[in-house]
Amino acid sequence: MSIPLPLPSGKGRSQASLPPPRQSGLQGTLSALIEKSRTLNDLLQVHAVLLRRGLHQDRILNFKLQRAYSSLGCLDNSISIFNCTLDPDVFNWTAIIHSHAQLGLHDRAMVYFVDMLCSGIYPNAFTFSVALKSAPVKSGKPLHSLAFKLGFYSDLYVETGLLDVYARTGDVASAKKLFDEMDQRSLVSMTTMMTCYAKHGEIGNAKFLFDEMPDRDVVCWNVMISGYAQNGFPNEALLMFRRMLSDAKMKPDEVTVLAVISACGQIGALETGRWIHSFIENNDICINLHLGTALLDMYSKCGSLEDARLVFERMTDKDVVIWNSMISGYAMHGFSGHALETFDEMLRAGMKPNDITFVGILNACSHTGMVQEGQNLFYMMKSKYGIEPKVEHYGCLVNLLGRAGHLEEAYNIVKGMNIEPDIVIWSSLLGACGLHNDLVLGEEIAELLIKQNQMRSGTYTLLSNIYANSGNWVEVARIRSMMKSKGVEKEKGCSSIELDNTVHEFLAGDMNHPKCQEIYSMLEEINGWLRAAEDYEPQTNKVLHDLGDAEKGQSLEVHSERLAIAFGLISSRPGTTIRVVKNLRVCPDCHEVCKVISRVTGRKIIMRDRNRFHHFVDGCCSCDDFW
DNA sequence: ATAGGGTTAG
């Protein structure tokens with residue numbers, strides 16, 4: 001959108017600096033009443049009085065009504081009041097721009113801003129800061145230079161607004177340049193600069209600025225905490241949250257707990273998540289839809305679908321996001337029946353599914369090998385709901401077909417896609433080749449990826465597993481040296497378990513835990529159970545996930561997931577569920593071992609791997625060995 | 001008056 005340059009004349013300027021028209025006693029009383037109105041009902045009553053007294057064209061009263069209505073979310077009322085205001089002034093215009101911007105209706109906000117300039121109304125600094133909020137990428141800078149031309153040079157509001165534009169468009173360099181040149185700083189401008197850093201992964205710079213701030217309010221703590229949570233540093237997010245409570249004695253609000261809950265979900269820290277949930281309830285923080293969705297997601301990522309469902313059922317007025325979240329929750333646990341039922345429930349409730357809904361249900365189908373159902377849903381998505389499939393949807397379909405052994409069909413889908421297949425799709429196909437021992441297709445794909453320079457640590461491992469499955473150790477060694485020469489490191493397997501609000505992490509063969517001795521004697525005891533188990537046979541040839549082949553046979557016993565489980569067994573009461581989170585896929589051998597452990601100890605083991613959950617109960621896994 | 005928030009395949 002271009003900003004017209006019929007600049008307001010001097011006339012506009014003088015209008016803005018005129019003193020506001022004096023209010024009579026009645027107007028004064030009414031305006032105080034408007035400001036005191038806390039509920040829509042109060043406001044409607046005052047509004048009715050105002051109309052009866054024939055004051056419906058009053059600029060000042062209407063400005064206050066506009067502001068009050070838009071803070072209650074009644075945009076329509078705000079618009080109709082604006083429309084009946086005689087000669088709206090800069091305040092009326094700015095308020096109507098602001099109400100649209102607040103609700104994310106940025107296009108409409110910009111239209112009003114342009115209309116305002118065209119009607120010869122002279123904007124003030126606040127108008128610019130509000131308009132900048134809605135400015136599309138291209139007109140952010142022209143708007144700023146317009147503000148300069150009109151004399152708002154080095155105005156803190158305008159500059160902070162521009163910083164926000166840079167933050168949204170990802171222009172960190174320009175933001176930093178402007179920020180360094182600003183001759184005054186405020187809490188808000190520093191927070192905006194932090195946001196800019198945090199949104200673009202420069203979390204260290206955000207923290208540097210945070211440490212420099214003379215005063216910190218709840219918003220700036222929130223930026224820091226959510227910055228950590230959204231950049232994959234959930235532990236740091238929790239650490240900052242604790243500091244916020246203990247050192248700064250700051251009262252967290254609903255935005256703070258939102259970020260913290262998301263961090264708990266990432267770590268899989270159920271106890272901590274439950275603690276935050278009760279903290280929310282004890283501190284009268286209202287569980288709105290955003291917060292409810294975050295809680296639901298946290299519970300399903302921490303392995304407690306029961307709690308997730310409880311939160312889901314307590315939310316009235318569900319939107320598409322929370323429905324999606326519930327469906328994805330069931331999907332990642334492999335409960336595809338529940339996922340599909342929830343989808344039906346959603347349709348019956350009159351909710352329109354979106355692209356993310358379909359990622360959820362397609363994913364559910366692929367986790368349980370529901371090929372026919374999944375294919376039907378994929379085609380229905382376009383024909384019945386008009387949703388164009390994206391790379392994620394193709395990913396689900398390819399995964400579904402590939403894992404069920406329809407490799408040819410899966411490959412044809414990839415070749416026939418009208419979008420570029422990404423590394424995820426190729427990895428999924430490569431994984432399927434390993435699962436079904438298709439060496440030919442596997443090599444074809446690998447060759448393609450090598451040519452396009454797309455090989456990653458994970459794809460090398462998949463390829464190496466294909467060769468290992470067929471016992472081709474020469475090729476395995478060749479891939480290993482290829483990785484070495486290219487400097488590609490194999491991602492280390494790491495498993496964690498939470499006990500007494502502390503997350504304990506284990507690497508394969510880890511000897512660093514204080515309870516190391518007891519853990520290793522527990523492993524010995526487990527080995528005894530395994531020797532006695534008739535249904536267990538070590539699967540040495542499939543185990544190249546974490547370790548070099550030299551230690552292959554023996555090293556199975558010290559895989560990270562086994563250390564974490566052993567620690568769980570010795571540190572928690574008999575009968576309690578053991579919850580483990582692993583950063584890679586669970587190894588096929590450990591998967592068998594978990595079954596045995598669950599049978600011998602009568603414990604439930606819930607394990608989250610890179611892709612999904614496994615619930616081991618009494619010698620069986622919920623995934624039915626299809627994963 | 002300006003800054004911060006929920007769901008997405010392997």
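The sequence lines fix the lettering, A, B, ..., with proteins before strands; numbering per chain opens at 1.
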Visitor: Are OP1 or OP2 of B:dG6 and a side-chain N or O of A:Gln230 less than 4.0 angstrom apart?
Guide: yes
Visitor: Could you tell me the separation between the CG atom of A:Asp319 and the P atom of B:dG5, rounded to a whole number of Å?
Guide: 17 Å
Visitor: For a quick test of reading the model: is some side-chain N or O of A:Asn399 closer than 4.0 Å to OP1 or OP2 of B:dA9?
Guide: no
Visitor: Quick one: label A:Asp217 by what it contacts on the DNA or RNA (base, sugar-phosphate, nothing), any heavy atom closer than 4.0 Å.
Guide: base
Visitor: From CD1 of A:Ile280 over to C1' of B:dG5, roughly how many Å is that when rounded to an integer?
Guide: 12 Å
Visitor: Take atom CG of A:Leu295 and atom C1' of B:dG5, then tell me their distance rounded to the nearest Å.
Guide: 13 Å
Visitor: Looking at A:Ser427 and B:dG10, is any side-chain donor or acceptor paired with a base atom of the opposite kind under 3.5 Å?
Guide: no
Visitor: The side chain of A:Leu258 lies closest to which of these nucleotides: B:dT8, B:dG5, B:dA1?
Guide: B:dG5
Visitor: Of the candidate nucleotides B:dT7, B:dG5, B:dA9, which contains the atom at the shortest distance from the side chain of A:Asp297?
Guide: B:dT7
Visitor: Within the 4.0 Å heavy-atom criterion, would you say A:Lys301 contacts the bases, only the backbone, or no part of the nucleic acid?
Guide: sugar-phosphate
Visitor: Can you measure A:Asn363 atom CG to B:dT8 atom C1' for me and round it to whole angstrom units?
Guide: 9 Å
Visitor: Distance check: side-chain N/O of A:Asn324 vs OP1/OP2 of B:dG6, anything under 4.0 Å?
Guide: no
Visitor: How about A:Asp344: does its CG atom have over 12 heavy atoms from other parts shown lying under 6.0 Å from it?
Guide: yes
Visitor: Looking at A:Met455, is its backbone amide N or carbonyl O close enough to the side chain of A:Thr459 to form a donor-acceptor pair, meaning the two atoms are under 3.5 Å apart?
Guide: no
Visitor: Where the side chain of A:Ser226 is defined as all heavy atoms beyond and including C-beta, which of B:dT2, B:dG5, B:dG10 is the nearest nucleotide?
Guide: B:dG5
Visitor: Out of B:dA3, B:dA1, B:dG10, which nucleotide sits closest to the side chain of A:Tyr157?
Guide: B:dA1
Visitor: Which one, B:dG10, B:dT7, B:dT2, comes nearest to the side chain of A:Val424?
Guide: B:dG10
Visitor: Atom CG of A:Leu156 to atom C1' of B:dA1: distance rounded to whole Å?
Guide: 13 Å
Visitor: Expressed in angstrom and rounded to an integer, what is the separation of A:His100 atom NE2 from B:dA1 atom P?
Guide: 21 Å
Visitor: Categorize A:Asn611 for me: base, sugar-phosphate, or nothing, with a 4.0 angstrom heavy-atom threshold over every strand shown.
Guide: base
Visitor: Which nucleotide in the list B:dA3, B:dA1, B:dA9 gets nearest to the side chain of A:Asp164?
Guide: B:dA3
Visitor: Heavy atoms under 4.0 Å, any strand shown: does A:Thr192 hit a base, just sugar-phosphate, or nothing?
Guide: sugar-phosphate
Visitor: Has the side chain of A:Asn288 got a donor or acceptor that lies under 3.5 Å from a partner of the other kind on the base of B:dG6?
Guide: no
Visitor: Once you round it to whole Å, what is the distance between P of B:dA9 and CE of A:Met381?
Guide: 14 Å
Visitor: Checking all strands, does A:Asp253 fall into the base, sugar-phosphate, or nothing category for heavy-atom contacts under 4.0 angstrom?
Guide: base
Visitor: With a 3.5 Å cut-off and sequence neighbours excluded, list the donor-acceptor pairs that the side chains of residues 327-336 of chain A form with protein atoms.
Guide:
{"from": "A:Ser328", "atom 1": "OG", "to": "A:Asn324", "atom 2": "O", "distance (Å)": "2.8"}
{"from": "A:Tyr330", "atom 1": "OH", "to": "A:Arg309", "atom 2": "NH1", "distance (Å)": "3.3"}
{"from": "A:His333", "atom 1": "ND1", "to": "A:His615", "atom 2": "NE2", "distance (Å)": "2.8"}
{"from": "A:His333", "atom 1": "NE2", "to": "A:Ser300", "atom 2": "O", "distance (Å)": "2.9"}
{"from": "A:Ser336", "atom 1": "OG", "to": "A:Thr368", "atom 2": "OG1", "distance (Å)": "2.6"}

Visitor: Counting the atoms with a prime plus P, OP1 and OP2 as sugar-phosphate, which does A:His98 contact under 4.0 Å by heavy atoms, base, sugar-phosphate, or nothing?
Guide: sugar-phosphate
Visitor: Checking all strands, does A:Leu289 fall into the base, sugar-phosphate, or nothing category for heavy-atom contacts under 4.0 angstrom?
Guide: base
Visitor: A:Ser428 has a side chain; which of B:dG10, B:dG5, B:dT8 sits nearest to it?
Guide: B:dG10
Visitor: May I have the list of side-chain donor-acceptor pairs in residues 413-427 of chain A shorter than 3.5 Å, sequence neighbours left out?
Guide:
{"from": "A:Asp422", "atom 1": "OD1", "to": "A:Val424", "atom 2": "N", "distance (Å)": "3.3"}
{"from": "A:Asp422", "atom 1": "OD1", "to": "A:Ile425", "atom 2": "N", "distance (Å)": "3.2"}
{"from": "A:Ser427", "atom 1": "OG", "to": "A:Ile423", "atom 2": "O", "distance (Å)": "2.7"}

Visitor: For the side chain of A:Lys133, counting heavy atoms from C-beta on, which of B:dG6, B:dA3, B:dT8 is nearest?
Guide: B:dA3
Visitor: I would like to know whether A:Tyr157 and A:Phe152 meet ring-ring contact (aromatic ring centres under 6.0 Å, His included); could you show each step before the answer?
Guide: CA-CA 9 Å; A:Tyr157 279 160; A:Phe152 297 109; over 10 Å; no
Visitor: Tell me whether the rings of A:His277 and A:Tyr299 are parallel (<30°), tilted (30 to 60°) or perpendicular (>60°).
Guide: tilted
Visitor: Considering only B:dA1, B:dT7, B:dA3, which nucleotide approaches the side chain of A:Ser325 most closely?
Guide: B:dT7
Visitor: What's A:Lys390 touching, base or sugar-phosphate or nothing? Going by heavy atoms closer than 4.0 Å.
Guide: nothing
Visitor: Indicate the ring-plane relationship of A:Trp627 and A:His614, choosing parallel, tilted or perpendicular according to the 30° and 60° boundaries.
Guide: perpendicular
Visitor: Would you indicate what A:Val223 reaches in the nucleic acid, counting non-hydrogen atoms under 4.0 angstrom: base, sugar-phosphate, or nothing?
Guide: sugar-phosphate
Visitor: Figure out the CG/C1' separation between A:Leu430 and B:dA9, and round it to whole Å.
Guide: 16 Å
Visitor: What's the closest nucleotide to the A:Val321 side chain, out of B:dG6, B:dA1, B:dG10?
Guide: B:dG6
Visitor: With respect to the phosphate group of B:dG10, does any side-chain polar atom (N or O) of A:His367 fall under 4.0 Å of OP1 or OP2?
Guide: yes
Visitor: Any chance you could lay out the ring-ring contact (aromatic ring centres under 6.0 Å, His included) test for A:Phe82 and A:Trp93, step after step, and finish with the verdict?
Guide: CA-CA 8 Å; A:Phe82 176 75; A:Trp93 281 101; 4.9 Å; yes
Visitor: Please work out if A:Asp155 contacts a base, only the sugar-phosphate, or nothing of the nucleic acid, heavy-atom cut-off 4.0 Å.
Guide: nothing
Visitor: Counting the atoms with a prime plus P, OP1 and OP2 as sugar-phosphate, which does A:Val391 contact under 4.0 Å by heavy atoms, base, sugar-phosphate, or nothing?
Guide: base
